[in-house]
There are 2 protein chains.
Amino acid sequence: MLKDAHDPTPRECGECPIRHRAVCARCDAQELEQLDQIKYYRSFEAGRTLIWAGDRMDFVGSVVSGIAMLTQTLEDGRTQMVGLLLPSDFVGRPGREKAAYNVVAVSDVVMCCFRKHPFENMMEKTPHIGQRLLEMTLDELDAAREWMLLLGRKTAREKIASFLAILGRRNAVLNMSKAAGQVVFDLPLTREAMADYLGLTLETVSRQISALKRDQVIHLEGKRHVTVPDFDRLLEEAGDDSDGGMLA
Amino acid sequence: MLKDAHDPTPRECGECPIRHRAVCARCDAQELEQLDQIKYYRSFEAGRTLIWAGDRMDFVGSVVSGIAMLTQTLEDGRTQMVGLLLPSDFVGRPGREKAAYNVVAVSDVVMCCFRKHPFENMMEKTPHIGQRLLEMTLDELDAAREWMLLLGRKTAREKIASFLAILGRRNAVLNMSKAAGQVVFDLPLTREAMADYLGLTLETVSRQISALKRDQVIHLEGKRHVTVPDFDRLLEEAGDDSDGGMLA
DNA sequence: CGGTAAGTTGAGTAGAGTCAAATTTGGTGG
DNA sequence: CCACCAAATTTGACTCTACTCAACTTACCG
């Protein structure tokens, strides 16, 4: 089982798929060159824990490909996901010694890591990095607050519908289609991971997915492939306050 | 009822009580002078809504004194608090047109407001502001994630204990005593606001406070004044994973 | 001293959790 | 290609925590 994940695919920053969305997005050629000096790639296979809460962190970095989750755990094992990391998302906190959360690879993951101290030094001198990181952190904070509303006040059915709506909306953005009529995507998470995301048990997740299927809000092929025939219907089920997220 | 709250107490930045903790913390004398050009004070009385979600925002700012809360609401009125703003906390998001959350004064509040466009321009040229805002935003994100664990996975009793522990810890920091043996403080929120903070109903909040009182975990004088005879006992009740918050 | 808002307590209910069993699926080795 | 295994998922039966609705108490303000 310990076979190494392969193909770390070190690249030139210029060809990096997350070049324009990651923490380096605002950097100019010269700054990228500096980053290049302190960066290295690491790969992890699905299921592997990249970082344990409390571990010393000697790097920060960006997810280049794959999906990872941030989790927190109570003493008795109850687990709550507190972040879902997609390509270009940032991992770690400059200035912090020890990891605050577990980071677990959901799929195979490639990370672009920066040695922490050089990165911190560079942040001091290179406003572009801090500016972009601020932007990204504010976005994450907004996402976290939306998530808090879900965790604190939504029913199980609404939680599932909301999660599906998030995935559908993201997928629509990637396809540059607007999420309106039919939307199709794959669930990136197991039922258990969805439960940890939503603050439910995996049984409840399963039951509510079945209920949404029974009520024709979604169709399933296999366990993971979802078709939403009417996205507005799904949004109603999600219970959100109309609009669907203002960003401006 | 519409009497204006009084004493906006405009001040010199040099004498400002939040000078060293707010978004201006890293600014030098010359930068403070610039900020002074674009700032003004506003006061709000307890209970007043400072900002409605969706409103156009022409300012950002800092809480100078008092307490405010950020809330989100579902169509049917279910409300979740997503931020509790104490003196020095920042309100608003540079670059955003419309407010994303309701901001409600819990007590009488004084805010130091900066006109948005000049502030944004200044951020471009003055790294100190963005740097400090990044630090503060990362802190808020950590707090939000702790909060997500509470909302998603803790029992009602644990939620109450956790909230009391947060208040007790903050109080200990202010008194520069370490939160260990006996801790005393006042609840800043009504039962209803606590419920919105914790994702509970106000009846459940009341019942669980009564239960903690019955079990001698806390003592109450009046409805608001709390004595925690044994802080470690309270932390056990909060169910947290030992330590109690690493920052480094 | 009354009136109102805040808080407490009680009784009954419902939604999500727990424990357990059945089913499906994807991968493996023959 | 097929049988088999382990993991993921679904479903059922039952329980229990927190919610709802309602009555009552307390504290505060004019």
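In this structure, the side chain of B:Asn102 engages the main chain of B:Ala53 through a donor-acceptor pair within 3.5 Å. With A:Lys213 contributing its side chain and A:Ile218 its backbone, the two residues share no donor-acceptor pair below 3.5 Å. The closest donor-acceptor contact from the side chain of B:Asp108 to the backbone of B:Ala46 lies under 3.5 Å.
Here D:dA23 presents its P atom at 17 Å from CG of B:Leu202, a figure rounded to the nearest Å. At whole-Å resolution of the value, NZ in B:Lys213 and P in D:dT26 are 11 Å apart. A:Glu192 has its CD atom 13 Å from the P atom of D:dT10, to the nearest Å.
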Legend entry - Letter per nucleotide, 5' to 3', of nucleotides 14-21 of chain D [B base touched, S only sugar-phosphate touched, - untouched; heavy atoms, 4.0 Å]: ----SSBB
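Taking the screw axis at each terminus of the helix from C:dC1-D:dG30 to C:dG30-D:dC1 from five consecutive base pairs, the angle between the two is 40° to within rounding of 10 degrees.
Salt-bridge annotation for B:Arg233 and B:Glu236: absent, with no side-chain N of the basic residue lying under 4.0 Å from a carboxylate O of the acidic one.
Each of B:Gln208, B:Glu237, B:Lys154 was compared with B:Ile160 under the side-chain contact (heavy atoms from CB on, under 4.5 Å) criterion, and only B:Gln208 meets it. Put simply, the residue from B:Gln72, B:Glu140, B:Gln80 that forms a side chain to side chain donor-acceptor pair (under 3.5 Å) with A:Arg145 is B:Glu140.
Residue pairs meeting the salt bridge (Lys or Arg N to Asp or Glu O under 4.0 Å) criterion with at least one partner in residues 76-87 of chain A, sequence neighbours excluded, are A:Asp76-A:Arg78, A:Arg78-B:Glu158.
Note that CE of A:Met81 is 9.5 Å distant from CD of A:Glu192, once rounded to the nearest 0.5 Å.
Using a 4.0 Å heavy-atom criterion, one finds that A:Ser210 contacts the sugar-phosphate atoms exclusively. B:Thr190 comes within 4.0 angstrom of sugar-phosphate atoms only, judged by non-hydrogen atoms across all strands, and of no base.
Checked against side chain to side chain donor-acceptor pair (under 3.5 Å), B:Asp215 has the following partners two or more places apart in sequence or in another chain: B:Arg157. Among residues two or more places apart in sequence or in another chain, the side chain to side chain contact (heavy atoms under 4.5 Å, CB included) test is passed with B:Val106 by B:Ile67, B:Met69, B:Leu189.
Note: B:Trp147 and B:Tyr197 have parallel aromatic rings, judged against thresholds of 30 and 60 degrees for the angle between ring planes.
Think of the region where chain A sits on DNA chain C: with heavy atoms and a 4.0 Å cut, that region ends 5' and 3' at C:dA16 to C:dT25.
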